[in-house]
Amino acid sequence: MSQLSFKGHTVIVTGAGGGLGKTYSLLYASRGANVVVNDVSQAAAQKVVDQITQAGGKAVVNTSSVTDGEAVVKTALDAFGGVTILINNAGILRDKGFRNMTDQEFDQVLQVHLKGAYSCTKAVWGIFRKQKFGRIVNTSSAAGLYGNFGQANYSAAKMGLVAFTKTLAREGAKYNINATAIAPIAASPMTETVMPPELLKHIQPEFIAPFVAAVTHPDGPDANGKVFELGAGYVAEIRWERSKGAIFKTDASFTPSAVKEKWSVITDFSNPDYPQSVTDFDHEAVLETARKLPPNPQSTPEVRFDSKTVIITGAGQGLGRAYALMYGRLGANVVVNDVSEKGANAVVDEIIKAGGKAVAAVSSAEDGDAIVKVALEKFGGVHVLIANAGILRDKSFAAMTEPEWDAVLAVHLRGTYKCAKAVWPIFLKQKYGRIVTTASQVGIYGNFGQANYSTAKAAILGMTRSLAIEGKKYGIIANTIAPSAGTAMTSTVWPQEMVNAFKPDYIAPIVGFLSSEANTETSGKLFEIMGGWAAQTRWQRAGGHGFPVNKPLTPEAVISKWDIITNFDDGRATHPSTTQESFQQLAENFSNVENSDPYADPEDSELVAKAKKNVPESVEFSYADKDVILYNLSIGATEKERQWTFEGDEEFSALPTFGVIPQFQASGGISLDWLPNYNPAKLLHGEQYLAIKAPIPTSGNLVNEARIVEVLDKGKAAAVTSVVETKDKDTGKVIFENQSTVFIRGAGGFGGKRAGKDRGAATAANTPPQRKPDAVVEEKTLSQQAALYRLNGDLNPLHILPEFAAVGGFDKPILHGLCFFGFAGKHVFKSFGPYKDVKARFAGVVYPGETLVTEMWKEVQCPDEICK
Ligand SMILES: CCCCCCC[C@@H](O)CC(=O)SCCNC(=O)CCNC(=O)[C@H](O)C(C)(C)COP(=O)(O)OP(=O)(O)OC[C@H]1O[C@@H](n2cnc3c(N)ncnc32)[C@H](O)[C@@H]1OP(=O)(O)O
C-alpha cells in the first residue's frame, strides 16, 4: 500500500516530551501532520518541536497539565485551527507496596492517567462530533490488564482506561469517532526507572508508534473499542473470554456451600463465549434453566463465617443488604456501612432479629478508616471486606459534567481504595483476609452513557488484581465481581420485570464463597453474576504477529498484518493472566531477526554481492505419473520394479532422488554470465545436496524459489552454489530443498574468497570410513543413458553432442552428474531404505555405458547425551 499521509490532520500527543509520546509526535509530523507536543516540561517539549520543525514539519509546544484538556486543545485550535487525533499518553508512576502507598500517591496517578484522559477527551469530543471525525488512543498497560505488584494505583488507572475506551467507542461510532486502547511495553523515561537496560534496548518506542499511526488514520483498520498489547515488534489484540458458567436454582438452597460444590463449572473454560457487550446474554434461558433445576447440592462442611467480621459497604439496601443478611445468617459479625443511617440501622435490626450479630457504620465509603474503626470497636477485628458502595450519574459523554465524572470515580474507586487500604494492615498482620470488590458488566464491555461508571468499575478490577498479587503471601485473597441485579440503582435503568428476576439474593452466595475460608485458591479473578448464573471472565489474546526487530516497523506493515493481529481463531490464541505471562510472548520476539538478504556475506566482493541479489522469478513445475516413471527409468529402474515403473502399482512412487528434478529449471536457470570468462561448455556439476522434507507426490504442481548462496574463487575455476526450495503450489508446504554447486573451469581469478561457509549437512565431508563397505552395488549404465536422462529436463549438449563435449575438454559426451547421483541414491535406498537427505561431490566424470560401483557404510550416529 502507498504511504499513509496525515497531511491536514492535527494530532495532540500528551506527555510527548520523551519516550512514546515523542516517538508518536515525530512519526505523525514526518507523515505531514500538525502536532501539538504536550508535556509539563517546556524544555523537553520544545526539543521535540525543534526536531520536527528542523526536519520541515509543523509542531507547537503545549505545557498545560492534561487535567486541563481545554487548555491543551486551545493550543491546537490557535496554532492549526482544529484537531482530529488525540493520543492520551501522559502518565506518571508512583509505585509502592499497597501497605505504604499514600493517598496522595494513589490520587496523583489516577489524576494524570484517568482524569487527564477524561479531560483531554472531553475537550476534543465536541469538535470531533461536529466534524464527524476523530481518533482517540488511550494508553493502558499490562499492569492494568493483569495487575502488578506495587502498582495498585497504576493498575487501577490503566484498567480504567480500557473501559473508558470501550464506552467512547460506543458513543463515538455514529460520529466516526474511534477509540482504541493500547497496552504498550516500551522504553521511556518512565519505564527506565523500573526496567533493566538489557531489556530496554529491545523495547524501543519505535515499535509502538507505527501501530498508533495505523489505527488513527482515516484509512486505517477497524480498531474501534479494541484493546491491543504490543512491544518489541509483537502486536496482538486481546478480548474478553467468558466461561459458560454455572446455573443455580434460585431458592434457599442457593448458598455459598452450593457455589463451592459447583465451582469447577463456573471456572470451566472448555466452551467459552466472547461477549461484545452487556447485552450479549440470554437472560431468559438462564431463568428458565434455573427454574427447572432441583435444589442445589451443598458441599460439606457448610461454608460459614462464625467468628469472622465482615465489612460491607453500601449495605443499607440492594446488593449490600442481601450480602449483609446472608453473612448474618451464616454466623458472621456484620458491619453494615451506608451513608444512610436509616438504611444501615434497618439492616442491622433485621440481622439481629434473625439471631445474628451486626453493627451499623454510617459514613461515606470513602472513609474506610471510620468503617474499620467501628468493626474493631464492636468486634475486635475484621476478616472480610465487601466493597460494594456505588452511585450512578449516567450521561452521554457529550453531556457529562466534571462533577458527575468525579463523583462516580470517588464513590466507586476511591471508596474501594480507602476501605481496602484501611483493612490492609490488619489483614497483613493476621495473615488472613478476603476482599470482594464490585465491578460491573459495564466496566467490562463499556456502555453508552456510562463513561464515568464503566471507567470506575474497570479501575476497581485493575486495582483488585494488584491487591491479589500483593496479598498472596499473606493469605489475602481478592476478587472482583460484575453483578447484575435488580437494585435501587439498576431500577432506574431496568424494566421492573427484570429487576424482579435478578434479585440481589442471587449474587450473594457467590460473594459468600469467594470471601470464605473455603476459597483458598481463587484470587485476582473476575466473575459475571446474575439471576442464578455465574461465570468467570478472563483475557484471551490473539496469536498476534511478531514483526522483525531489525527492521523499522511502519504503519503500512502493521496494516498488512491486521488479519493476523486480530485473529483469535487460528489456534494460536493464549490466555495470559499475569504481566509475566503477557511479557513472555513479547520477549520471544526479541530474537525475531529477519535477514533481509539471508545469503549476504560481508566478505563478498561487489560482483558476487550483486549476483546474489539478482533473485530470479519463482519457477513452477507440474508433473504427472509418467514424469515419475521416466525419471525412475532414467536412473536404471526396470520393468520388474513395478513400484517405480507402473503407475497402477499400489506402491507406485518416485525414487527419492526425484527431488532434484522439479528444481532443475530454477537452479539451472540462474544466470552465470556475470562470471569472468564464463563459458557454459566449461561448466561441470560439482556437488549436490538434496533434503526430502515431505512425502514425494507422484504428480502435482510445485513452485521453486532459487537463490545464489555462495560464489567461490578456486583460482582457475569458479564454484557457484545455489539453493532452491521446492514447495507445494497450493499449500506452500516445503517438499524439497536442494543445494547445487557448479564448477566452472576457467572462470576463476576474480578475487573472490576461496573457502565456503559451513552449511551443515549440505557441506558434509565425503570421506568414507576405513573399514570395508557394508554393502556394494554394481550397475552398468547404458550407452544411451545420458540421451535418456536428458528427457528429465537437463538438455545440456555436453551430454549428447561430441563437438560441445570437445569444447569442454572431453573426447565424448559425459553422463549427467545428477544421473549417476540418482543411481547411487537408488542403491542406497534398495540397501537401507528411505533417507531424508543426501549429499554428493562429483569427483570425476562418468561416461555413458560405464559401470557404477556404489560402496555403502552404515554408520550409527550416537547422540551426544548417550555417548558422552
Ligand atoms: C542443478 C543445478 C544446476 C546444475 C547444472 C549442471 C548442468 C549439468 O548438465 C552438468 C553436468 O552434469 S557435468 C557432469 C557431472 N560432473 C562431473 O562430471 C564433474 C566431475 N568432477 C571433476 O571432473 C573434478 O572434480 C573437477 C573438474 C570438478 C575439479 O577438479 P580439479 O580442477 O582437479 O579440482 P581440484 O584441484 O581437485 O580442486 C580445486 C578446488 O576445487 C574444489 N573442488 C574440487 N572438486 C569439486 C567439485 N566437484 N565441486 C566443488 N568443488 C570442487 C576443491 O575442493 C578445491 O578447493 P580448494 O582449492 O579450496 O581446496
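In each ligand, atom 1 is the first atom listed, and ligand 1 is the first ligand listed.
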Nearest neighbour in protein (non-hydrogen) for [atom]:
atom: atom 12 (O) of ligand 1; value: G817 N, 3.0 Å
atom: atom 24 (C) of ligand 1; value: A843 O, 3.8 Å
atom: atom 34 (O) of ligand 1; value: F743 CZ, 4.2 Å

May I ask you to check whether [X] has an N/O atom sitting below 3.5 Å from an N/O atom of ligand 1?
X: F820; answer: no
X: R841; answer: yes
X: F664; answer: no
X: L684; answer: no

- Do F821 and F823 have ring centres separated by under 6.0 Å?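 When the ring centroids of F821 and F823 are compared, they turn out to be at least 6.0 Å apart.
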- H685 and F743: aromatic ring centres closer than 6.0 Å?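 Not close enough - the centres of the two rings lie 6.0 Å or further apart.
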Relative to ligand 1, is [X] under 4.0 angstrom through side chain, backbone, both or neither, heavy atoms considered?
X: K714; value: side chain
X: V845; value: both
X: N738; value: neither
X: H799; value: side chain
X: S740; value: side chain
X: L815; value: backbone

- Task: Calculate, to the nearest 0.5 Å, the distance between atoms NZ and NZ belonging to K836 and K693 respectively.
- Result: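 Output value for this atom pair is 9.0 Å.
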Could you tell me which atoms of ligand 1, counted from 1 in the order shown, lie closer than 4.0 angstrom to a heavy atom of [X]?
X: D794; result: 7 (C), 8 (C), 9 (O)
X: G844; result: 18 (O), 20 (C), 21 (N)
X: E687; result: 49 (N), 50 (C)
X: H816; result: 12 (O)
X: N796; result: 7 (C), 8 (C), 9 (O), 10 (C)
X: V742; result: 4 (C), 5 (C)
X: S667; result: 1 (C), 2 (C), 3 (C)
X: G686; result: 47 (C), 48 (N), 49 (N)

- Query: Taking D837 for the side chain and L690 for the main chain, is one N or O donor matched with an acceptor at less than 3.5 Å?
  - Reply: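 No; zero donor-acceptor contacts below 3.5 Å.
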- Any side-chain heavy-atom pair of V724 and F664 under 4.5 Å: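 Side-chain contact under 4.5 Å: no.
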- side-chain contact (heavy atoms from CB on, under 4.5 Å) partner of H827, chosen from V776, I635, V777: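 Testing H827 for a side-chain contact (heavy atoms from CB on, under 4.5 Å) against V776, I635, V777 leaves exactly one candidate, V777.
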Look at [atom] and say whether a protein heavy atom is found at less than 4.0 angstrom from it.
atom: atom 37 (O) of ligand 1; result: no
atom: atom 45 (N) of ligand 1; result: yes
atom: atom 60 (O) of ligand 1; result: no
atom: atom 30 (O) of ligand 1; result: no
atom: atom 21 (N) of ligand 1; result: yes

- Query: Should the pair W562 and F228 be assigned to parallel (<30°), tilted (30 to 60°) or perpendicular (>60°) ring geometry?
  - Reply: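 Aromatic pair W562/F228 classed tilted.
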- Message: Tell me whether the rings of Y631 and F658 are parallel (<30°), tilted (30 to 60°) or perpendicular (>60°).
- Response: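 Correct class here is perpendicular.
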- Checking side chain to side chain contact (heavy atoms under 4.5 Å, CB included) for the pair T721/R759: CA distance, chi angles, key distance, verdict? CA-CA 11 Å; T721 304; R759 283 179 274 113; 3.6 Å; yes
- Item | Test side chain to side chain contact (heavy atoms under 4.5 Å, CB included) applied to W644 and I629, step by step | CA-CA 6 Å; W644 293 325; I629 296 172; over 6 Å; no
How about [atom1] on [X], more than 12 heavy atoms from neighbouring residues, nucleotides or ligands closer than 6.0 Å, or not?
X: R790; atom1: CZ; answer: yes
X: E803; atom1: CD; answer: yes
X: K753; atom1: NZ; answer: yes

- Item | From CA spacing to verdict: ring pair (Phe, Tyr, Trp, His ring centres under 6.0 Å), H545, Y234 | CA-CA 6 Å; H545 184 72; Y234 174 79; 8.7 Å; no
- If hydrogens are left out, which of R745, Q739, R754 has an atom nearest to atom 58 (O) of ligand 1, that is, the closest non-hydrogen atom?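 Residue with the shortest heavy-atom distance to the ligand atom: R754.
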- Task: From the options Q665, H685, Q663, select the one whose nearest heavy atom is closest to atom 6 (C) of ligand 1.
- Result: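 Ranked by closest heavy atom to atom 6 (C) of ligand 1, first place is H685.
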- Query: Should L818 and D794 be marked as a side chain to side chain contact (heavy atoms under 4.5 Å, CB included) after you check the CA-CA gap, both sets of side-chain angles, and the distance that decides it?
  - Reply: CA-CA 9 Å; L818 288 180; D794 181 355; 5.9 Å; no
- Message: If the contact criterion is a heavy-atom separation under 4.0 Å, does A717 count as touching ligand 1?
- Response: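 No, that is not the case, since the closest heavy atom of the residue is not under 4.0 Å from the ligand.
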- Does K812 count as lying over the ring of Y847, i.e. NZ or CZ under 6.0 Å from the six-ring centre, within 45 degrees of the axis?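 Yes, a cation-pi geometry holds between K812 and Y847.
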- Kindly confirm or rule out a cation-pi arrangement of R642 over F652, judged by NZ or CZ under 6.0 Å from the six-membered ring centre and within 45° of its axis?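 No, R642 does not lie over the aromatic ring of F652.
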